[in-house]
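Atoms considered below: every heavy atom in the structure, side chains included; atoms not considered: hydrogens, waters and symmetry mates. Here the structure is a predicted model, which means the values were calculated and not measured.
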Amino acid sequence: MVVDGVVHSWALNPITSVYTAEQFALWKALVHIPVEPTNKTYLIVSDSLNAINAVKDIYTRDPLARLCQGCLVDLSEHNVRPVFVWVPGHSGINGNEMVDRAAKIAITGPRIDEEHVKMTDVQCHLKQKIIEIWQGKWERQSTSLSHVKLSVKEKLYLKDFRRDEQIKIHRLRLGHTNVTHQYLLTGDPRPRCNTCNVDLSVKHVICDCVKYVNQRDRFNLKEDVRSNLNEIPNLKNVLKFLKAIGIYSNV
């Protein structure tokens with residue numbers, strides 16, 4: 001916060017979000033305004049439009065927004081009415097640039113001035129940590145899906161495909177299809193490629209088998225299984241390829 005050219009900064013808890021930090025700055029600015037009646041107009045300038053709008057929301061449950069509203073009520077009782085002004089961030093405005101530099105210094109130091117954290121920030125922090133742990137476990141896996149889907153946050157939307165096509169796509173990505181894994185249910189020996197004399201797998205059929213080189217070129221399949229099974233245009237080509245080689249119904 002910059003007041004009359006003087007920079008004031010506070011180090012918040014490391015898990016505090018940028019949005020919360022912007023709200024905290026608004027609250028501190030309001031607290032800094034003297035409650036004695038004066039002819040001065042107090043401008044509170046911020047580059048966070050969301051933080052300003054949260055203060056205007058009379059139904060908000062956000063604790064910092066409600067603290068700001070409480071300060072506004074106290075100030076209004078003394079005929080002091082601050083004015084909020086939004087400015088675009090990182091646009092060369094001197095005061096805004098000073099605040100940004102002070103914020104960067106505050107977050108790199110060992111000192112913490114405010115330990116309290118909003119519940120929403122705690123939830124976001126825990127969610128991120130859970131995803132990091134999940135991602136670490138995912139990367140240690142060696143499954144067909146982990147080779148296709150590198151990040152646990154990746155999502156594949158198949159709204160352009162029929163229901164039966166969606167089922168077959170998911171089977172291909174998992175690496176478990178009727179043609180490659182039905183032996184687990186029937187007790188038969190694991191199927192092998194008669195041309196290449198290797199175990200039959202989704203990757204082998206789509207990317208490696210020399211028997212289908214011409215068909216792969218015809219439908220413009222990629223060399224790696226991830227590209228073929230993770231991008232919508234390529235998935236459409238894969239389904240056409242499987243129909244052309246006659247194993248689509250056995251996927």
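Partners of Asp224 according to the side-chain hydrogen bond (donor to acceptor under 3.5 Å, both in side chains) rule, which considers only residues two or more places apart in sequence or in another chain, are Ser227. Arg61 pairs by the side-chain hydrogen bond (donor to acceptor under 3.5 Å, both in side chains) definition with nothing, not counting sequence neighbours. Not a single side-chain hydrogen bond (donor to acceptor under 3.5 Å, both in side chains) links Thr120 to another residue, sequence neighbours left out. Remark: His204 pairs with no residue by the ring pair (Phe, Tyr, Trp, His ring centres under 6.0 Å) rule, at least two apart or across chains.
No more than 12 heavy atoms of other residues, nucleotides or ligands lie within 6.0 Å of CZ in Arg81, so this atom counts as exposed by the packing criterion. Other residues, nucleotides and ligands contribute over 12 non-hydrogen atoms within 6.0 Å of the CZ atom of Arg192. Enclosure of atom CZ in Arg226 by more than 12 non-hydrogen atoms of other residues, nucleotides or ligands within 6.0 angstrom is indicated. Heavy-atom neighbours of Glu223 CD from other residues, nucleotides or ligands within 6.0 Å: at or below the threshold of 12. Within a 6.0 Å sphere centred on CG of Asp160, other residues, nucleotides and ligands contribute more than 12 heavy atoms.
Each of Asn13, Thr16, Thr20 was checked for a side-chain hydrogen bond (donor to acceptor under 3.5 Å, both in side chains) with Asp121, and the lone residue meeting it is Thr20. The side chain to side chain contact (heavy atoms under 4.5 Å, CB included) with Val238 is formed by just one residue from the set Val225, Leu221, Val202, Val205; it is Leu221. A side chain to side chain contact (heavy atoms under 4.5 Å, CB included) with Ser146 is found for one member of Val148, Thr143, Leu150 and no other, namely Thr143.
A salt bridge does not link Glu165 to Lys168: none of the charged nitrogens lies less than 4.0 Å from a carboxylate oxygen. Under the 4.0 Å criterion applied to side-chain N and carboxylate O atoms, Lys28 and Glu22 are not assigned as salt-bridge partners.
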message = The test is side chain to side chain contact (heavy atoms under 4.5 Å, CB included); show your working for Cys207 and Asn228 and say whether it passes.
response = CA-CA 9 Å; Cys207 300; Asn228 285 318; 3.6 Å; yes
message = Using the rule given for side chain to side chain contact (heavy atoms under 4.5 Å, CB included), can you reason through Ile167 versus Phe161, listing the C-alpha separation, both sets of side-chain angles and the distance that settles it, and then say yes or no?
response = CA-CA 10 Å; Ile167 292 172; Phe161 295 88; over 6 Å; no
Working for side chain to side chain contact (heavy atoms under 4.5 Å, CB included), residues Cys71 and Val31 = CA-CA 7 Å; Cys71 289; Val31 171; 4.0 Å; yes
Derivation and outcome, side chain to side chain donor-acceptor pair (under 3.5 Å), residues Gln23 and Lys118 = CA-CA 11 Å; Gln23 288 184 300; Lys118 282 179 18 178; 2.7 Å; yes
task = Walk me through it: do Phe241 and Arg218 pass the test side chain to side chain contact (heavy atoms under 4.5 Å, CB included)?
result = CA-CA 8 Å; Phe241 163 76; Arg218 174 186 170 191; over 6 Å; no
Side chain to side chain donor-acceptor pair (under 3.5 Å) between Asp188 and Thr186, worked out = CA-CA 5 Å; Asp188 296 329; Thr186 61; 3.0 Å; yes
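Note on residues 235-247: no pairs pass side-chain hydrogen bond (donor to acceptor under 3.5 Å, both in side chains), not counting sequence neighbours. Sequence neighbours left out, the pairs with a member in residues 206-217 that pass side-chain hydrogen bond (donor to acceptor under 3.5 Å, both in side chains) are Lys203-Asp208.
Between the CG atom of Asn194 and the SG atom of Cys209 there is a distance of 9.5 Å, given to the nearest 0.5 Å. With rounding to the nearest 0.5 Å, the separation of CG in Leu75 from CD in Glu77 is 9.5 Å. Leu126 CG to Met119 CE: the interatomic distance, rounded to the nearest 0.5 Å, is 9.0 Å. Note that CG of Leu239 is 9.0 Å distant from CG of Asp164, once rounded to the nearest 0.5 Å. For the atom pair CG (Leu174) and CZ (Arg171), the distance works out to 10.0 Å, reported to the nearest 0.5 Å. Note that the CG atom of Leu156 and the CG atom of Leu235 stand 6.0 Å from one another [nearest 0.5 Å].
Nearest heavy-atom pair, Tyr19 versus Ala54, reported as atom, atom and distance to 0.1 Å: OH-CB, 3.3 Å. The heavy-atom pair separating Leu158 from His170 by the smallest distance is CD1-NE2, 3.7 Å. Shortest non-hydrogen contact noted between Cys68 and Val55 is CB-CG2, 3.8 Å. Of all heavy-atom pairs spanning Cys196 and Cys193, the tightest one is N-SG, 3.3 Å. When all heavy atoms are compared, the tightest approach of Pro34 to Val80 is O-CG2, 4.2 Å. Of all the heavy atoms in Thr60 and Gln69, the pair that sits closest is CG2-NE2, 3.6 Å.
Remark: side-chain polar atoms of Glu154 are not paired, donor with acceptor, to backbone N or O of Lys149 under 3.5 angstrom. A donor-acceptor contact shorter than 3.5 Å links the side chain of Arg173 to the backbone of Leu229. Remark: side-chain polar atoms of Trp86 are paired, donor with acceptor, to backbone N or O of Asp47 under 3.5 angstrom. In this structure, Ser76 contributes its side chain and Val73 its backbone to a donor-acceptor pair below 3.5 Å. Between the Glu139 side chain and the Trp134 main chain, no donor and acceptor come within less than 3.5 Å of each other.
One hydrophobic cluster, built from ILVMFWY side chains closer than 4.5 Å, holds both Leu49 and Leu26. Hydrophobic clustering, with ILVMFWY side chains joined whenever heavy atoms are under 4.5 angstrom apart, keeps Leu64 apart from Val117. Under the 4.5 Å side-chain heavy-atom criterion for ILVMFWY residues, a single connected hydrophobic cluster contains both Ile44 and Ile52. Val122 and Ile130 fall into different hydrophobic clusters, where Ile, Leu, Val, Met, Phe, Trp and Tyr residues are linked whenever their side-chain heavy atoms come under 4.5 Å apart, directly or through other members.
Using bins of under 30°, 30° to 60° and over 60° for the plane-to-plane angle, the ring pair His176/His181 lands in the parallel bin.
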